[in-house]
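Position 1 is the first residue of the sequence; numbering continues from there.
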Amino acid sequence: MSIGQIIQLMRGGIIEVFYLILPVLTAALVIGLIVAIFQAVTQIQEQTLTFLPKLIVILVVLALLSGWMFTHLREYTIHLFNMISKM
């Protein structure tokens, strides 16, 4: 196994992590922005106000997309095991 192949495997793993976490981070970012705008408009400066909406949205996104995430991760793992057998 060459250094180039190891770098390619590491890069692929990092891209997969970003690909799987992107929907969750996007949802948290959007709800955080909405709550921040709400706080700015109403002048409520409570730091803990954003925690519960973000938690709920993240759990909902994980519940809705968990099947897709596990399927995608399974396909990537199968791909990795197939690469091991070729070495």
Side-chain angles (χ1 to χ4, degrees):
M1 179 173 240
S2 70
I3 298 294
Q5 290 174 330
I6 293 172
I7 291 173
Q8 183 180 6
L9 283 174
M10 296 295 284
R11 183 181 300 139
I14 292 170
I15 289 172
E16 288 298 317
V17 168
F18 285 140
Y19 190 65
L20 291 174
I21 201 70
L22 185 65
V24 177
L25 287 179
T26 303
L29 177 71
V30 168
I31 197 68
L33 183 63
I34 290 170
V35 171
I37 291 172
F38 174 75
Q39 284 181 326
V41 169
T42 61
Q43 295 182 354
I44 299 173
Q45 297 304 320
E46 179 63 35
Q47 295 296 322
T48 59
L49 185 63
T50 61
F51 179 72
L52 188 61
K54 278 185 185 179
L55 180 66
I56 291 171
V57 168
I58 288 172
L59 290 176
V60 167
V61 168
L62 285 175
L64 292 176
L65 296 179
S66 62
W68 169 78
M69 288 178 169
F70 284 125
T71 302
H72 190 75
L73 191 59
R74 183 192 59 158
E75 290 173 2
Y76 183 70
T77 305
I78 290 170
H79 173 70
L80 286 178
F81 280 122
N82 287 335
M83 287 180 62
I84 291 171
S85 67
K86 292 178 185 177
M87 292 182 194

key: Derivation and outcome, side chain to side chain contact (heavy atoms under 4.5 Å, CB included), residues Ser85 and Phe81   = CA-CA 6 Å; Ser85 67; Phe81 280 122; over 6 Å; no

Enter the distance from [X]:[atom1] to [Y]:[atom2] here, rounded to the nearest 0.5 Å.
X	Y	atom1	atom2	value
Ile31	Leu52	CD1	CG	10.0 Å
Leu29	Lys54	CG	NZ	8.0 Å
Ile37	Ile34	CD1	CD1	7.5 Å
Ile58	Leu25	CD1	CG	7.5 Å
Phe38	Thr50	CZ	OG1	12.5 Å
Trp68	Leu73	CH2	CG	10.5 Å

Tell me whether [X] shares a hydrophobic cluster with [Y], the cluster being built from Ile, Leu, Val, Met, Phe, Trp, Tyr side chains joined at under 4.5 Å.
X	Y	result
Val41	Leu49	no
Val57	Leu62	yes
Leu80	Ile6	yes
Met10	Met83	yes
Val17	Ile15	no

key: Residue pairs involving residues 6-34 (criterion side-chain hydrogen bond (donor to acceptor under 3.5 Å, both in side chains); sequence neighbours excluded)   =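 For residues 6-34, and leaving out neighbouring residues, the side-chain hydrogen bond (donor to acceptor under 3.5 Å, both in side chains) pairs sorted by first residue read Glu16-His72.
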
request  = Under the ring pair (Phe, Tyr, Trp, His ring centres under 6.0 Å) rule, collect the residues that match up with His79, sequence neighbours excluded.
outcome  =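 With sequence neighbours excluded, His79 shows a ring pair (Phe, Tyr, Trp, His ring centres under 6.0 Å) to no residue whatsoever.
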
request  = Not counting sequence neighbours, which residues clear side-chain hydrogen bond (donor to acceptor under 3.5 Å, both in side chains) with Glu46? List them please.
outcome  =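 Applying side-chain hydrogen bond (donor to acceptor under 3.5 Å, both in side chains) to Glu46 gives Thr48.
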
task = Kindly check if the number of other-residue, nucleotide or ligand heavy atoms within 6.0 Å of CD1 (Ile84) is above 12?
result =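 Yes, because the 6.0 Å sphere around CD1 of Ile84 holds more than 12 heavy atoms from other groups.
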
inquiry  = Minimum heavy-atom separation for Tyr76 and Leu9, please, with both atom names.
reply    =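 Between these two residues, the closest heavy atoms are OH-O, 3.8 Å.
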
